[in-house]
Amino acid sequence: MKHFIIGAVAALTITGAAEAQQNIVVAHTTPAGSHYGVGADAFIAKLEELSGGAFTGEQAAAGQLGGERDLIEGLQIGSIDMVITSTGPLGNFVPEIYALDLPFLFRDYDHARKVLDGEIGQELIAKINENNLVGLAWAENGFRHVTNSQRPVRTPADLAGLKLRTMENRVHMAAFTGMGASPTPMAFPEVFGALQQGVVDGQENPVTVITASKFWEVQKYVSLTGHVYSPAIILVSPILFDGLSDEQKGWFYEAAKAGVEANRAEVNRLEETGVALLRENGMEVITDIDKAPFAALAEETAYSVYTDEYGPDMIDRIKAVE
Ligand code: EAX
């Protein structure tokens, strides 16, 4: 009898708490300590603070809930709350986003952040919001570089015959076909195993991801090609978001800003320290790369994927941002 009473009181307390609290799961594909993980933690901390604990949060890191395409689909059907994802698979849902994945488009980090934080970034978030998704803010993955297990890559000729994993992104696949590699699209959670088993020879990702995923365990060479800037975005399920009050929505936007700030600071840190880490872990880093021939080939094949449908206006506008 005594036990029964204690049990009943405890159950009431838990029920009360459950009604007041909502736990938000932030899913992504890289490890919990990565640039996305740091961003997710900052988002969660800010959301908890602004809501006075009404919202709590946790990460579902390292692709435990699926690859980025699966995660985006999950947002649309409401099985996933929130996602931090690269734009890699997003063009499959919102084709206008392909503009951001064009190779050799952004000059540097300042240029990319200025575009994404400005009018163009807002316009593209509006497009995302028209497609059964809610974009909160642009975050960052970083400039991508080619790694492989076979040989140092310095010129497009060195890519010939290399089986290279790309994201599930038509622009990237076209770019690598143009540069002479054999692109193999694959979801990120499968990449480490595919490299390990030799299903593919190489892959391309920013220093952020190469270090977080310890690709040095399965790759010998990294060429600092910086062939494409990889944006990331913080997305929330429209099913979750539509159920929030305006005040609560405001907390999510505010918390997303804190997430982006922490994420970009971590990208900056890894841009400064990451290459040394790759060397320390035995990778041969190829830095003497003439990007011009890569750019010429990539642009020839990749830009038309976007311009055939939408014309060159957006590209010109992005390039014009100082
Ligand atoms: O967003 O798929 C990729 O290569 C991405 O860069 C990775 O999932 C992080």
Side-chain angles (χ1 to χ4, degrees), residues 86-92 94-116 118 120-121 123-124 127 138 140-148 152-186 200-207 209 221-233 286-322:
S86 74
T87 48
L90 194 56
N92 298 316
V94 189
E96 289 89 345
I97 297 297
Y98 282 133
L100 299 178
D101 291 301
L102 293 167
F104 300 101
L105 175 64
F106 292 102
R107 295 183 297 274
D108 51 30
Y109 280 102
D110 283 347
H111 180 209
R113 292 172 185 181
K114 211 158 190 188
V115 168
L116 294 172
I120 292 172
E123 247 174 77
L124 291 173
K127 291 284 175 207
W138 289 105
E140 187 162 76
N141 197 14
F143 277 91
R144 303 177 77 91
H145 308 296
V146 174
T147 73
N148 84 98
V153 169
R154 285 192 177 82
T155 67
D158 297 327
L159 284 174
L162 269 192
K163 273 188 95 175
L164 195 82
R165 177 269 174 174
T166 66
M167 295 197 285
E168 298 160 290
N169 180 298
R170 286 171 52 215
V171 172
H172 286 198
M173 290 175 69
F176 278 101
T177 302
M179 290 188 281
S182 307
T184 306
M186 191 184 290
V200 289
D201 303 309
Q203 64 88 44
E204 44 82 55
N205 250 304
V207 172
V209 176
Y221 305 99
V222 53
S223 302
L224 300 183
T225 45
H227 51 275
V228 69
Y229 174 78
S230 189
I233 186 154
I286 295 100
T287 56
D288 56 333
I289 293 166
D290 177 10
K291 294 186 183 178
F294 287 101
L297 293 168
E299 286 175 25
E300 205 179 305
T301 48
Y303 276 55
S304 61
V305 174
Y306 179 83
T307 55
D308 284 356
E309 190 132 347
Y310 299 106
D313 289 2
M314 179 56 89
I315 297 167
D316 293 342
R317 283 175 62 204
I318 290 173
K319 284 184 173 167
V321 172
E322 291 293 340

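Tyr109 places a side-chain N or O within donor-acceptor distance of the main-chain N or O of Phe143, the cut-off being under 3.5 Å. His145 contributes a side-chain N or O that, together with a main-chain N or O of Gly226, makes up a donor-acceptor pair within less than 3.5 Å. Arg154 places no side-chain N or O within donor-acceptor distance of the main-chain N or O of Asp290, the cut-off being under 3.5 Å. Side chain of Thr184 to main chain of Lys163: no donor-acceptor pair is present (N/O by atom type, distance under 3.5 Å, no hydrogens or angles). The closest donor-acceptor contact from the side chain of Thr301 to the backbone of Ala174 lies under 3.5 Å.
Side-chain contact between Glu96 and Met314 is absent, with no heavy-atom pair separated by less than 4.5 Å. With contacts defined as side-chain heavy-atom distances shorter than 4.5 Å, the pair Asp158/Pro152 does not qualify. Counting heavy atoms from C-beta on, the side chains of Leu124 and Ile97 come closer than 4.5 Å. Proximity of Ser230 to Met167: side-chain heavy atoms (C-beta onward) are separated by under 4.5 Å at one or more points. At a threshold of 4.5 Å between non-hydrogen side-chain atoms, the residues Thr87 and Trp138 count as touching. Taking the side chain as every heavy atom from C-beta outward, Thr166 and Pro185 approach each other to under 4.5 Å. Val200 places none of its side-chain heavy atoms less than 4.5 Å from the side chain of Ser182. Contact check for Asp288 versus Ile286: side-chain heavy atoms found under the 4.5 Å cut-off.
Atom CG of Leu164 sits about 10.0 Å away from atom OG1 of Thr177, to the nearest 0.5 Å. Between Leu102 atom CG and Tyr306 atom OH the span is 8.0 Å, to the nearest 0.5 Å. Rounded to the nearest 0.5 Å, atoms OG (Ser86) and CG (Asn141) are 5.5 Å apart. A distance of 15.0 Å separates CD1 in Ile318 from NZ in Lys114, rounded to the nearest 0.5 Å. One finds the CG atom of Leu116 at 8.5 Å from the CD1 atom of Ile233 (value rounded to the nearest 0.5 Å). In this structure, the separation between CG on Asp110 and CD on Glu322 is 11.5 Å, given to the nearest 0.5 Å.
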Does Thr147 form a side-chain contact (heavy atoms from CB on, under 4.5 Å) with Asn205? I'd like the steps, not just the answer.
CA-CA 8 Å; Thr147 73; Asn205 250 304; over 6 Å; no
Report the C-alpha distance between Tyr221 and Val153 in whole Å, list the side-chain angles of each, state the deciding distance to 0.1 Å, and finish with yes or no for side-chain contact (heavy atoms from CB on, under 4.5 Å).
CA-CA 8 Å; Tyr221 305 99; Val153 169; over 6 Å; no
Using side-chain contact (heavy atoms from CB on, under 4.5 Å), reason through Asp101 and Leu90 one step at a time and then give a plain yes or no.
CA-CA 10 Å; Asp101 291 301; Leu90 194 56; over 6 Å; no
Could you go through Leu100 and Tyr229, starting from their C-alpha distance and side-chain angles, then the distance that decides it, and tell me whether this counts as side-chain contact (heavy atoms from CB on, under 4.5 Å)?
CA-CA 8 Å; Leu100 299 178; Tyr229 174 78; over 6 Å; no
Could you check Tyr98 against Asn92 for side-chain hydrogen bond (donor to acceptor under 3.5 Å, both in side chains), going step by step and ending with a plain yes or no?
CA-CA 9 Å; Tyr98 282 133; Asn92 298 316; 3.1 Å; yes
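Across all their heavy atoms, Pro183 and Phe176 have their closest contact at CB-CB, 4.2 Å. What you find for Thr155 and Phe294 is that their closest heavy atoms are C-CZ, 3.4 Å. The nearest pair of heavy atoms linking Ile289 to Leu224 is CD1-N, 3.5 Å.
Applying the side-chain hydrogen bond (donor to acceptor under 3.5 Å, both in side chains) test between His227 and each of Arg144, Glu204, Lys291 identifies Glu204 as the sole match.
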